[in-house]
Amino acid sequence: MTSAPPLFPPRPIRGVRVLHRRQNCAPQFAELEVDFEPAAEGFAFEVPEGLPSAGEPPDDLSRLVAAAAAGILEELSAPGHGLVVSVRVVLRSIRTDTFGSHELAFRVAGGLAAREALARGRGAGDGQGAPDARSSRYHGPTR
């Protein structure tokens, strides 16, 4: 008898913070903080009213938020994880840059946030698997 794949997340995973930055001829910049909370079923992405944002706001912030959500869902749905996604993701903060913030940058950042949450859900990422520990991921070269 085979057991059902585990649900993700197994518990609330709060304060997953990602900074994705690439400095080259096509710069990328995306910073976000999200919480992953167990849900009844499926994938839900929420943006609270009055979302804190920093940086130069682009004309259409909603496109960047949608790209981050798509990156998270894409990573969580990868068949290699062997999980049933049952999560509510809440965007807690977002930071943009005039030249490097675009949909691709936020899609990558979303995927990185999902990877961090997966690691923390398995008890890695903060050294102890504490549910409310803060973490940061930096992706890209320094200035």
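Among residue pairs with one or both ends in residues 74-88, those qualifying as salt bridge (charged side-chain N to carboxylate O under 4.0 Å, His left out) are E37-R88, E46-R88, E74-R107, E75-R115; sequence neighbours excluded.
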Walk me through it: do F45 and V65 pass the test side-chain contact (heavy atoms from CB on, under 4.5 Å)? CA-CA 9 Å; F45 190 86; V65 170; 3.5 Å; yes
| Can you list the steps and then say if T96 with L64 is a side-chain contact (heavy atoms from CB on, under 4.5 Å)? | CA-CA 9 Å; T96 61; L64 302 182; 3.9 Å; yes
Open item on the list: The test is side-chain contact (heavy atoms from CB on, under 4.5 Å); show your working for F29 and T98 and say whether it passes.
Closed with: CA-CA 9 Å; F29 182 91; T98 305; over 6 Å; no
Which is it for Q28 and H20 under the side chain to side chain donor-acceptor pair (under 3.5 Å) test, yes or no, and what are the steps along the way? CA-CA 7 Å; Q28 295 183 18; H20 170 67; 2.6 Å; yes
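The only member of V47, L51, V34 that meets side chain to side chain contact (heavy atoms under 4.5 Å, CB included) when paired with I94 is L51.
In this structure, the side-chain contact (heavy atoms from CB on, under 4.5 Å) partners of P5, at least two apart in sequence or on a different chain, are V84. Contacts of A68 classified as side-chain contact (heavy atoms from CB on, under 4.5 Å), with partners at least two apart in sequence or in another chain: L32, F106.
When all heavy atoms of A105 and G100 are compared, the pair lying nearest together is CB-O, 3.8 Å.
Between H81 and L118 there is a side-chain heavy-atom pair separated by less than 4.5 Å.
Under the 4.5 Å side-chain heavy-atom criterion for grouping Ile, Leu, Val, Met, Phe, Trp and Tyr, F43 is not connected to L7 through any hydrophobic cluster.
Residues R92 and E33 are not paired through a salt bridge, judged by the lack of any N-O separation under 4.0 Å between the basic side chain and the carboxylate.
Note that CD1 of I13 and CZ of R120 are 6.5 Å apart. Values are rounded to the nearest 0.5 Å.
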